[in-house]
Amino acid sequence: GVSHVLTLVLQELSLLCKRDVNGVGMLYDLLRSRWLQALLKIYECLQHYLGKRPDPVTLQARALSHEVVELLREAPQSGEIKELRRLLRSPHFKAALLSAHDTVAQKDFEPTLPPLPDNLPENEEAMRIVCLVKNNQPLGATIKRHEITGDITVARVIHGGLADRSGLLYAGDKLVEVNGVPVEGLEPEQVINIL
């Protein structure tokens, strides 16, 4: 990972340090610093965590809670068991926390794409279906009407914006539909309102 690349860079820099090339000693010290090493370890851990998708242990926490309460009823009664039964039966725990958990655990939050139409002509240009989730951030692209065809196209993709980071939209792409609304015949301002 990143640590391995840093080790290789440090090896190369140590050779240059011996030749006393300008600034290499300072760069070598910087790359060898403990705080940078710690940041890289944190980065690698985060990348590893993002690669794994956490899944709920159970989809039915509320039913499991009810089952545990019934089992505790038959267990020898102690102060801890009485307290646990009281907590598991409390309306705040059952209705709010466990119901919310089960609702979230049973939903799929991945965006779903509409199916492709069956009647696409074979000689038609290739079409991509792009799904970008904006989350209250700008798209990071501008649109315009093509001077000759009248199509709505992507005029520019702004560096660092959502469209650029996704790698899914390019300058010159023709917009056919936005959020399920066909854009043929619409003005660019109307399309922006749909976005």
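- N179 contributes a side-chain N or O that, together with a main-chain N or O of I194, makes up a donor-acceptor pair within less than 3.5 Å.
- Side-chain contact between V176 and V183 is absent, with no heavy-atom pair separated by less than 4.5 Å.
- For the pair R85/R89, a side-chain contact is recorded, criterion being any heavy-atom separation below 4.5 Å from C-beta on.
- A side-chain donor-acceptor contact under 3.5 Å links Q190 to the backbone of E187.
- At a threshold of 4.5 Å between non-hydrogen side-chain atoms, the residues V154 and T142 do not count as touching.
- When all heavy atoms of D173 and L168 are compared, the pair lying nearest together is OD2-O, 4.0 Å.
- The two residues K144 and P188 make their nearest non-hydrogen contact at C-CG, 4.3 Å.
- Both V157 and L132 are assigned to one and the same hydrophobic cluster, defined by single-linkage of ILVMFWY side chains at heavy-atom distances under 4.5 Å.
- For the residue pair L186 and I152, the shortest heavy atom distance occurs at O-CD1, 3.5 Å.
- A163 approaches A141 most closely through the heavy-atom pair CB-CB, 4.2 Å.
- Under the 4.5 Å side-chain heavy-atom criterion for Ile, Leu, Val, Met, Phe, Trp and Tyr, V130 and Y170 are members of distinct hydrophobic clusters.
- There is no path of hydrophobic side-chain contacts, each under 4.5 Å, that joins L64 to L71.
- Side-chain atoms of T153 and D151 include no donor-acceptor pair closer than 3.5 Å.
- Across all their heavy atoms, I81 and A75 have their closest contact at CD1-CB, 4.0 Å.
- At distances below 3.5 Å, at least one donor-acceptor pair connects side-chain atoms of Q77 with backbone N or O atoms of L72.
- For R145 (side chain) and G150 (main-chain N/O), a donor-acceptor pair under 3.5 Å exists by modelled atom type.
- Taking the side chain to side chain donor-acceptor pair (under 3.5 Å) definition, one finds that S78 meets it with E80, sequence neighbours left out.
- Nearest heavy atom pair, residue V178 against residue V191, reads CG2-CG1, 4.1 Å.
- T149 places no side-chain N or O within 3.5 Å of a backbone atom of H146 that could act as its donor or acceptor partner.
- No more than 12 heavy atoms of other residues, nucleotides or ligands lie within 6.0 Å of CD in E184, so this atom counts as exposed by the packing criterion.
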